[in-house]
Every structure is written in structure tokens, then in C-alpha cells.
Amino acid sequence: MARALDGAAIAAAIKAEVAEEVKRLAARGVRPGLAAVLVGHIPASEMYVRSKVQTCGELGLYSDLIAPPETVTTEEMMDLVASLNDRDEIDGILVQLPLPKQVDTKALLDRVSPAKDVDGFHPVNAGKLQAGRPALAPCTPEGIIEILDRSGIAIEGQRAVVVGRSDIVGKPVAMLLLNRHATVTICHSKTRDLGAVTREADILVAAIGRAGLITPEMVKPGATIVDVGINRITEQADFDRFFAGNAKRTESFAKRGSTIVGDVHPRAYELAGAYTPVPGGVGPLTIAMLMSNTVRAAKMRRGL
Ligand code: NDP
């Protein structure tokens, strides 16, 4: 039977380790700090930032939530980031995306000091990752590697197929897998005969943003499936396609009128050797790795 990989338990273990490290650093007079910049009132963004700030508190990190008005200009955001780059108690800068249209997101992310770039989005860190040098890497891809390592799933020598080539998930996870000596193929919307490629995968990472796109016939039996997708479905027909006969989901769908499905059809999990469920697989790792990166940035900046 396919093994469900418990992302929440792995995230809890990482957070406990981070809290220990924060205590050790406190004894040396260092308190890692995270600045979270949140513009506007997108409910999902507000929820993510709230939970990032709350987790800082739980683990003993300093945090500062800065919420410029929705009308903020690129120049004002650039000045804000510059001031955070200069503040000594800030080790990590997180700019919650998406930003309002008038703000030049790329220019702004380039303004974050690479030493405080705990999201790993700066081109300097992306370049270091590609060159196989120590770098702050994006949190979700780092979390995926943690799940594999802590679940005893070998990476070296394995055929890894990553579906999705975003700068946030697909490309960096492919680089991390390559740096760990997997044989990596990256697929995207122009890939021909996607199923023929995904069926080769010992480790299949789906980071697409399309509900249940990876179907059972696209999976090699026994493969490890890492399902990064978070797709909210509200239509009964979609629900039936993915969860017909699933009593727990039926009850929660009836109550809430929606549910979350990954990029992999739930029936495809049944063929896997191991898989990350949605929710509860990759999702919980993102904040844990943000905390871990902030502590790492604090240590690197002080040469510890
Ligand atoms: P993007 O939209 O930035 O990238 C999606 C990628 O999927 C693109 O490279 C695109 O190809 C590819 N793609 C789209 N359609 C197809 C198709 N039919 N066949 C093959 N490839 C396809 O998404 P993200 O990388 O930001 O996110 C992906 C998913 O992961 C989303 O569901 C998101 O919500 C989730 N996510 C989850 C996180 C977590 O914490 N668990 C964190 C971040 C994201 P092309 O480049 O050719 O357009």
C-alpha cells in the first residue's frame, strides 16, 4: 500500500530543531529576526503572513510585520526594502506576493539583500543554487528535499521528473534534485506526451497548478509522488471526478462548499510507493523552511 508522507509531522520536527537553535543563539546574544511585508488585503496572503509571524513568535524569532498601503509605489517599496536591508535586527526579508499591479515586483525582489533573501528569489541566490554553492534556496523546494530525506527516500541516481518550471517551485526543486545527483527532467506546458516522460519517474514532482492533471496512467507503479499543487474546487462534477466514494471529503465538501485537491489525481497516489497528500504533505514545510532559512541567514551574516 502506498505510504502517505506526513508533512505536518516533518514540519513540526524541523520547527522544534529551529527553536533549539534559536535558544543556542540566544545564549550568544543573537536573536534571528524576520521582516514580513504585506501589501493590500488578499485573504490568502493575509493568512500566510499571519501564520509566518505567529510561527516566529512560537520559535523565539523576532518578527516585524510591515503593511504599506495598497497605493504604495515601487519607489516607496524600494526605500522600505533598503531600510530593512540596513536594519541589524532583521536577518530575513519576506515580501508577500502578489504585489499590487503598480509595483515592479522583479525590481523589488532584486533590491532585497541576497544575505537576507530568505525566500531564495534573488538572482544571486538562484545563480548560486545552479552553481551548486551554498545558498538560501526557495522554501517549498527545500521542504520537498527535507520530506524525501526524512522519509528515507533515496535521491542519488534516481530518475526525477519535475512537472512545472516556475522560479518558485519547478526550477529550484529540479536544481536541488540535480545537486543531490538525481537524473532530472523538467516538463512544462509545451512538453509533448507528458505521460511518457512522467512514467519514467522514480520521483515525480508535480508543481503545475492544475487540479488532478497527473492521472494514474502517467505514474510508474512504486514511484514517489510529490504533489505540490493546491487547487480549490467548488463544482460538484469536479468533486465527483476526484473524491467520489470518499466519505470524509464528501462531508467536508458538503459543509464548506469547496475542497482542496493537488495536481495529482488521488487515484494515482494508490499506485505510488510513497506520496505527499494534499493537504498535509508539502504545504506545512514551506513555513518551517522559512524559519530555518531565517536562522541560517542570521548565522551566515554573523559568520557563525
Ligand atoms: P506557476 O503557474 O508559476 O507554474 C506552473 C507550471 O506548470 C508552469 O511551468 C507551466 O508551464 C506548467 N504547466 C501548466 N500547465 C501544464 C500542463 N498542462 N502540462 C505540463 N505543465 C504545465 O505555478 P507555481 O510553480 O507557482 O505553483 C504550482 C502549484 O504549486 C500551484 O498549485 C500552487 O498553488 C502550488 N504551490 C504550493 C506551495 C506549497 O506551499 N505547498 C508553494 C507554492 C506553490 P509553462 O512554464 O510552459 O507555462
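Both counts, for ligands and for their atoms, begin at 1 and track the order of listing. FYI, the numbering just counts along the sequence from 1. Hydrogens, waters and symmetry mates are skipped; everything else that's a heavy atom, side chains included, is used.
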Measuring from non-hydrogen atoms of [X] to any atom of ligand 1, is the shortest distance under 4.0 Å?
| X | answer |
| --- | --- |
| Thr140 | yes |
| Gly283 | yes |
| Ala207 | yes |

Any atoms of ligand 1 less than 4.0 Å from a non-hydrogen atom of [X]? List them with their elements.
| X | result |
| --- | --- |
| Val169 | 25 (O), 43 (C), 44 (C) |
| Gly164 | 6 (C), 7 (O), 9 (O) |
| Thr286 | 39 (C), 40 (O) |

| Which residue pairs pass the side-chain hydrogen bond (donor to acceptor under 3.5 Å, both in side chains) test with at least one member in residues 140-160, sequence neighbours excluded? | Glu17-Arg150, Thr140-Thr286, Glu142-Asn293, Glu146-Arg150, Asp149-Arg180, Arg159-Glu200

| query | What side-chain hydrogen bond (donor to acceptor under 3.5 Å, both in side chains) pairs are there with at least one residue in residues 108-121, not counting sequence neighbours? | reply | Asp117-Asn125

How far is [atom] from its nearest protein heavy atom, and which residue and atom name does that atom have?
| atom | result |
| --- | --- |
| atom 20 (C) of ligand 1 | His188 O, 3.2 Å |
| atom 25 (O) of ligand 1 | Ser166 OG, 2.5 Å |
| atom 18 (N) of ligand 1 | Leu213 CD1, 3.8 Å |
| atom 10 (C) of ligand 1 | Ser189 N, 4.3 Å |
| atom 46 (O) of ligand 1 | Arg165 NE, 2.7 Å |
| atom 31 (C) of ligand 1 | Gly209 CA, 3.6 Å |
| atom 36 (N) of ligand 1 | Val228 O, 3.8 Å |

| task | Verify whether one side chain among Asp91 and Tyr62 offers a donor that lies under 3.5 Å from an acceptor in the other. | result | no

| task | Please determine, by modelled atom types, if His41 and Glu46 share a side-chain donor-acceptor pair under 3.5 angstrom. | result | yes

| request: Look up atom CE in Met289 and atom OG1 in Thr294, then write down how far apart they are to the nearest 0.5 Å. | output: 10.5 Å

| Closest approach of Ala115 and Leu136, non-hydrogen atoms and distance? | O-CD1, 3.8 Å

| task | Check each of Leu194, Ile230, Ile208, Asn231 against atom 7 (O) of ligand 1 and report the one with the nearest heavy atom. | result | Ile208

| Applying the 4.5 Å side-chain criterion to the ILVMFWY set and letting contacts propagate, would Val169 and Ile230 be lumped into a single cluster? | no

| task | Please step through salt bridge (charged side-chain N to carboxylate O under 4.0 Å, His left out) for the pair Arg267 and Glu270, ending with a clear verdict. | result | CA-CA 6 Å; Arg267 270 206 318 277; Glu270 294 164 18; 6.0 Å; no

